[in-house]
Asker: 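Mind having a look at this structure? Questions to follow.
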Amino acid sequence: MNFVKRAALSLVARRAKTALLLGIFLVICTLLLGGFLLQGATSRQEAEAQRRIGVDVTVRGDRLTLATAAALGSSPLVERYNPLLRGAAKPSGLTPLTSDVPEPDDATDDPGHNGLLLNGIRDSEMLLDFASGRSRIVEGRALTEKDAGRRVVLLERRLADKNELKAGDTVGLRSSDGRRTETFEIIGLYEDPRPDPSQWVAPSELIANQVYAPAPAVSALGFGTKPSTAVFKIGSPERAERLHAEAARVLGGDGFRFDVNDKAFRDQVLPLRRVGAFAGSLLWLIALSGAVILGLIVLLTIKERRDELGMLLALGEKKWKLIAQHTVEVTALVLPALAVAALGAQSFAEEAGETLLAREEHTASLQEVRMEAADLGRVAGIGLGISLVATVVPGVGILRLHPRSILTDTE
């Protein structure tokens, strides 16, 4: 009789042991599949966190200019960068907001303090207030690197309301000495919910009088080419050291300050990495323990079926076919166990991920736990590997069996 057919008949005849093996495989496949789903979800969320948050590197120095910032920003290590060029601009046909608190007698007479604070930037979404969601665009759009050659501005909503302006209107801005005037188009209005200070401050220091424009346009208005800082977003802290070497080359020597702010990155990514590492360790543990447990069960089964094996050997059956029969009996249970495991593994991965991440601070909930064909394929491959190890290794004992000794012992 064909050994595959004998394996099928054996599975039917030994229903209790078949159910036991199926249950063990179900647990193994569920845990393995859950581990792979957990690994995949953490990897995707880590990549998304790296793309969304990244690591901010702030560079300051006397040799920092718009040109050197652009040169450093062109490095493949840098994903986005944002110089900050500031100056007090005088409005032309625009009335700044003033403090509600009475002006003290010793207030400064600097005319620049009575205007607007003009911020020359490259990407408004990289500013901390916008990136954190504290400030948001309420009309129009944000300022991007594509606006570098344009005369455009972002105004705070309160300043726009006072002057009855909206996105698409134009405003005039003059340099602090009043010698140069440029016309700017309002591309967007933003809202900053922070209240005004409780004590008097000059108009240029009020939050509502903060105006954002492309750095080249601010420079052309007479505010120089030296930004106070430049922020560079990189993908991970590991790139910071290489970027520091690039900054030393571009800026010449060590006459600059290089600060790495990776707190947000660590708060979001490192817990995900710990969960992913736990899932990887879980996979190894499950695979090894599953192979050991199944191997012991198969070994006991072989001892219990010595009479059957002796009869088959006496009838001339080859020993390798007996080992193959046991292998077929075990591996035949992998696919049905995997099919049932696929129904519950996703819920298991989501609950395990939420439980593990709940212990971590500042970490968002696990997202995108989804099952893919590759995950099922990996689990099926590991399941088959476990079944082979669990049957072939104990099956070595079959090679030492002799039908005469088995039948003699039976008698």
Asker: Within a reach of under 6.0 Å around CD of E238, are more than 12 heavy atoms found that belong to other residues, nucleotides or ligands?
Answerer: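 Result for CD/E238: enclosed.
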Asker: Any non-hydrogen side-chain atom of L97 less than 4.5 Å from a side-chain atom of P203?
Answerer: no
Asker: With a 4.5 Å limit on heavy-atom distance, are the side chains of K226 and R63 in contact?
Answerer: no
Asker: Could you walk me through whether N163 and V171 pass side chain to side chain contact (heavy atoms under 4.5 Å, CB included), step by step?
Answerer: CA-CA 10 Å; N163 292 271; V171 296; over 6 Å; no
Asker: Keeping the roles fixed (side chain from E139, backbone from A167), state whether a donor-acceptor pair exists under 3.5 Å.
Answerer: yes
Asker: Does a salt bridge link D56 with R80, judged by any charged N lying under 4.0 Å from a carboxylate O?
Answerer: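 Judged by the 4.0 Å cut-off on N to carboxylate O distance, D56 and R80 do not form a salt bridge.
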Asker: Please answer whether the main-chain N or O of R122 pairs with a side-chain N or O of N82 as donor and acceptor at a distance below 3.5 Å.
Answerer: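 Judged by distance alone, yes, a pair lies under 3.5 Å.
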Asker: Okay, side chain of S75, backbone of A71: is any donor-acceptor separation there less than 3.5 Å?
Answerer: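 Such a contact is absent between S75 side chain and A71 backbone.
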Asker: Testing the basics here: between T98 and L206, what is the closest heavy-atom pair and its distance to 0.1 Å?
Answerer: C-CD1, 3.5 Å
Asker: Any salt bridge linking R60 with D259? Criterion: basic side-chain nitrogen under 4.0 Å from a carboxylate oxygen.
Answerer: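 Between D259 and R60 there is a salt bridge, with a charged N closer than 4.0 Å to a carboxylate O.
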Asker: Nearest 0.5 angstrom please: T181 OG1 to L221 CG, how far?
Answerer: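 So the OG1 of T181 and the CG of L221 are separated by 7.5 Å.
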Asker: Looking at A230 and A69, what are the two nearest heavy atoms and their distance?
Answerer: CB-CB, 4.3 Å
Asker: For the atom pair OG1 (T183) and CZ (R151), what is the distance rounded to the nearest 0.5 Å?
Answerer: 10.0 Å
Asker: Identify the two heavy atoms, one from L127 and one from I121, that lie closest to each other, and give their separation to 0.1 Å.
Answerer: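 Closest approach of L127 to I121: CD1-CD1, 3.9 Å.
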Asker: Parallel, tilted or perpendicular, judged at 30° and 60°: which one describes the rings of F232 and Y81?
Answerer: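 Geometry flag for Y81 against F232: parallel rings.
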Asker: Using the side chain to side chain contact (heavy atoms under 4.5 Å, CB included) rule, take V57 and I234 through it: C-alpha gap first, then chi angles, then the decisive distance, then the call.
Answerer: CA-CA 8 Å; V57 173; I234 57 180; 3.8 Å; yes
Asker: Could you tell me the separation between the CD atom of E246 and the CZ atom of R239, rounded to the nearest 0.5 Å?
Answerer: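 Taking CD in E246 and CZ in R239, the distance rounds to 12.5 Å.
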Asker: Between R242 and L77 (side chain of the first, backbone of the second, donor and acceptor by atom type, cut-off under 3.5 Å), is there such a pair?
Answerer: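 A pair under 3.5 Å: no.
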Asker: Check whether S99 reaches the backbone of W200 with its side chain - one donor and one acceptor, N or O, closer than 3.5 Å.
Answerer: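 No; judged by distance alone, with no hydrogens or angles, the pair does not exist.
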Asker: Please round to the nearest 0.5 Å and tell me the distance separating atom CD of E164 and atom OG1 of T95.
Answerer: 10.5 Å
Asker: Above 12 or not: heavy atoms from other molecules or residues under 6.0 Å from NZ of K162?
Answerer: yes
Asker: With rounding to the nearest 0.5 Å, note down the distance linking OH in Y212 to CG in L143.
Answerer: 10.5 Å
Asker: Are any of the side-chain nitrogens in R158 or E191 under 4.0 Å away from the carboxylate oxygens of its partner?
Answerer: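 Salt bridge between R158 and E191, a charged N being under 4.0 Å from a carboxylate O: no.
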Asker: Decide, yes or no, whether a salt bridge links R194 with D129 under the criterion of side-chain N to carboxylate O below 4.0 Å.
Answerer: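 Salt bridge present between R194 and D129.
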Asker: Taking atom types as modelled, find out whether N119 and Q210 have a side-chain donor-acceptor pair closer than 3.5 angstrom.
Answerer: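 Yes - a donor-acceptor pair under 3.5 Å links their side chains.
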Asker: Which atoms form the tightest heavy-atom contact between D147 and A142, and what is the distance?
Answerer: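 For D147 and A142, the tightest heavy-atom pair comes out as OD2-O, 4.1 Å.
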Asker: Where do V78 and L72 come nearest, in terms of heavy atoms and distance?
Answerer: CG2-O, 3.6 Å
Asker: I need the R141 CZ to I187 CD1 distance, nearest 0.5 Å.
Answerer: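 Rounded to the nearest 0.5 Å, the CZ-CD1 separation comes out at 4.0 Å.
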Asker: Is a side-chain N or O of S219 found less than 3.5 angstrom from the main chain of A215, in a donor-acceptor match?
Answerer: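 Such a contact is absent between S219 side chain and A215 backbone.
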Asker: Counting only N and O atoms by type, is there a donor-acceptor contact under 3.5 Å from the side chain of D123 to the main-chain atoms of E125?
Answerer: yes
Asker: Any non-hydrogen side-chain atom of L94 less than 4.5 Å from a side-chain atom of L116?
Answerer: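 When only atoms from C-beta onward are counted, L116 and L94 do touch, with a gap below 4.5 Å.
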Asker: Could you go through E156 and Y190, starting from their C-alpha distance and side-chain angles, then the distance that decides it, and tell me whether this counts as side chain to side chain contact (heavy atoms under 4.5 Å, CB included)?
Answerer: CA-CA 5 Å; E156 213 279 335; Y190 72 94; 3.5 Å; yes
Asker: Less than 4.5 Å apart, side chain to side chain, heavy atoms only: is that true for I186 and L165?
Answerer: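 Touching, per the 4.5 Å side-chain cut-off.
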Asker: For L118 and L85, what are the C-alpha separation, side-chain angles and deciding distance, and is it a side chain to side chain contact (heavy atoms under 4.5 Å, CB included)?
Answerer: CA-CA 8 Å; L118 186 58; L85 182 65; over 6 Å; no
Asker: Indicate the atoms forming the closest heavy-atom contact of A217 with F184, along with that distance.
Answerer: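 Where A217 meets F184 most closely, the heavy atoms are CB-CE2, 3.8 Å.
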Asker: V152 versus P214: any side-chain heavy-atom pair under 4.5 Å?
Answerer: yes
Asker: Does any part of the side chain of L173, heavy atoms only, come nearer than 4.5 Å to the side chain of V153, both counted from C-beta?
Answerer: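 V153 reaches L173 side chain to side chain.
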Asker: Ignoring hydrogens and angles, tell me if any N or O in the side chain of T229 forms a donor-acceptor pair with the backbone of T58 under 3.5 Å.
Answerer: no
Asker: Within the 3.5 Å criterion, strictly below it, is a donor on D192 or S135 matched to an acceptor on the partner's side chain?
Answerer: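 Yes, S135 and D192 have a side-chain donor paired with an acceptor closer than 3.5 Å.
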Asker: Do K90 and S175 come close enough that some side-chain heavy atom pair is under 4.5 Å?
Answerer: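 A side-chain contact under 4.5 Å is absent here.
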